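All remarks here apply to the structure that follows.
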Amino acid sequence: MEFIISIFKLVGGFVIGAGGLSLIIYQIFKRLSEKWLDSKFDQRLQSLKHEQGKELEKLRLEISMLLDRAVKLNQQEFEVLPEAWSKLNESFWATKGIVGSLQMFPDLTKMDEQQFNEFIDELDFKPWEKRELRAARDKNKFYQKQLTLRRLGEAKLKISDAAIYLSRKGIFIPTPILEKMKNLNDVVWRTFVEYELSQTHDGMPWKMDRLTEFFEGGEPALAELEILIHQRLWPNEPVA
């Protein structure tokens, strides 16, 4: 009986020993697996952080470039828009001063000789113009024609200057405002050309539809542009 009990104890101890070894191996495997998984997870996490960091840096660079571009474009617009408005405004009023029905000219025939000579000396005319004015039979007509031609030349320069500026710098002006500026400049130019032809070619008919278009639509268009430009430059300031 004691022998049998000893056998059972021996077998039981072996079983228990084998089970303990299996448990130890399992625990070791479990620890190694956990470390391996943790290592792989950390590697993957670091890789994701690296990729995310690269994406964030790329996004920051893109945003920085966009902001820098927006600032530069805004600065260009802030410089170009007032200058374009100034040139267009000058061309409009220079043209209106010429094509307006009320033209003020002095009556040279009512001047005495001394007044006439002093008047001519102070004129911004070329020497040959002054000579011909003194010799002209109809001094008023000659003076008015030469003065009108001079004003036409000055107005043409202003209109051309405004048109060229819009063509060169218009890319920095918002499209709705740019189109209105170009349309007004076209009206001014068409009116000017018709008037110039009527003055430089005797008998050339003056088309009243051009003049009507200019006087009826010109100033309202100019006033509308002034409001739009003011709102663009000072968006938070109310327009009076």
Side-chain angles (χ1 to χ4, degrees), residues 76-108 123-126 129 133 138-234 237-240:
Q76 285 284 353
E77 181 188 348
F78 192 79
E79 294 174 0
V80 168
L81 198 50
E83 184 67 15
W85 162 255
S86 176
K87 291 179 181 295
L88 182 60
N89 195 63
E90 287 181 5
S91 70
F92 176 85
W93 290 109
T95 302
K96 186 174 182 180
I98 294 173
V99 303
S101 58
L102 182 60
Q103 299 286 332
M104 302 296 293
F105 297 103
D107 189 349
L108 305 186
L123 283 176
D124 187 23
F125 276 18
K126 295 178 180 179
E129 291 177 303
L133 176 57
D138 190 337
K139 292 179 172 53
N140 281 334
K141 182 177 180 180
F142 181 85
Y143 168 72
Q144 291 172 14
K145 182 175 182 179
Q146 295 306 118
L147 186 60
T148 298
L149 291 175
R150 185 174 295 272
R151 289 176 177 173
L152 284 170
E154 293 171 353
K156 180 181 284 187
L157 286 176
K158 292 181 184 296
I159 299 170
S160 299
D161 189 35
I164 292 171
Y165 192 82
L166 287 175
S167 177
R168 288 178 54 242
K169 301 288 188 176
I171 192 172
F172 300 111
I173 300 175
T175 301
I177 296 178
L178 178 62
E179 291 300 319
K180 289 181 181 297
M181 296 183 89
K182 285 184 175 181
N183 289 339
L184 179 56
N185 195 72
D186 288 344
V187 170
V188 172
W189 176 247
R190 289 194 298 267
T191 304
F192 173 84
V193 169
E194 290 291 343
Y195 184 81
E196 184 183 39
L197 289 173
S198 71
Q199 295 298 310
T200 55
H201 295 76
D202 293 337
M204 176 73 69
W206 170 244
K207 295 182 179 179
M208 292 302 296
D209 55 339
R210 299 294 190 198
L211 192 63
T212 301
E213 179 186 26
F214 180 82
F215 277 100
E216 289 186 356
E219 286 195 50
L222 199 67
E224 181 186 6
L225 271 170
E226 183 177 8
I227 293 173
L228 291 174
I229 293 171
H230 188 281
Q231 290 175 338
R232 185 69 184 179
L233 297 176
W234 293 277
E237 181 178 330
V239 180

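Only a predicted model underlies this, so the values are computations on that prediction, with no experimental measurement involved.
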Checklist entry - Between F92 and F214, is the ring centre distance below 6.0 Å? => result yes

Item to check | Parallel, tilted or perpendicular: ring planes of W234 versus H230, cut at 30 and 60 degrees | outcome: tilted

Checklist entry - What class does the angle between the rings of F105 and Y143 fall in, given that below 30° is parallel, 30 to 60° is tilted and above 60° is perpendicular? => result perpendicular

Next on the checklist: Keeping R151 on the side-chain end and G97 on the backbone end, is there a donor-acceptor pair under 3.5 Å?
Outcome noted: no

Checklist entry - Is S86 reaching over with its side chain to a backbone N or O of P82, donor-acceptor style, under 3.5 angstrom? => result no

Item to check | Salt bridge E83-K87, side-chain N to carboxylate O under 4.0 Å | outcome: yes

Give every donor-acceptor pair under 3.5 Å between a side-chain atom in residues 163-184 and any protein atom, sequence neighbours left out.
{"residue": "K180", "atom": "NZ", "partner": "E224", "partner atom": "OE2", "Å": "3.2"}
{"residue": "N183", "atom": "ND2", "partner": "E179", "partner atom": "O", "Å": "3.2"}

Look up atom [atom1] in [X] and atom [atom2] in [Y], then write down how far apart they are to the nearest 0.5 Å.
X: N89; Y: I229; atom1: CG; atom2: CD1; result: 9.0 Å
X: I98; Y: T191; atom1: CD1; atom2: OG1; result: 11.5 Å
X: K145; Y: N140; atom1: NZ; atom2: CG; result: 15.0 Å
X: E196; Y: L149; atom1: CD; atom2: CG; result: 8.5 Å
X: Y195; Y: T148; atom1: OH; atom2: OG1; result: 5.0 Å

Evaluate the side-chain proximity of [Y] to [X]: yes if any heavy-atom separation is below 4.5 Å, no if none is.
X: K158; Y: W93; value: no
X: L152; Y: K156; value: no
X: D161; Y: S91; value: no
X: E129; Y: L123; value: no

Checklist entry - Taking it one step at a time, do V193 and W189 satisfy side chain to side chain contact (heavy atoms under 4.5 Å, CB included)? => result CA-CA 6 Å; V193 169; W189 176 247; 3.5 Å; yes

Item to check | Which atom of R150 lies closest to which atom of K126, heavy atoms considered | outcome: NH2-N, 3.9 Å

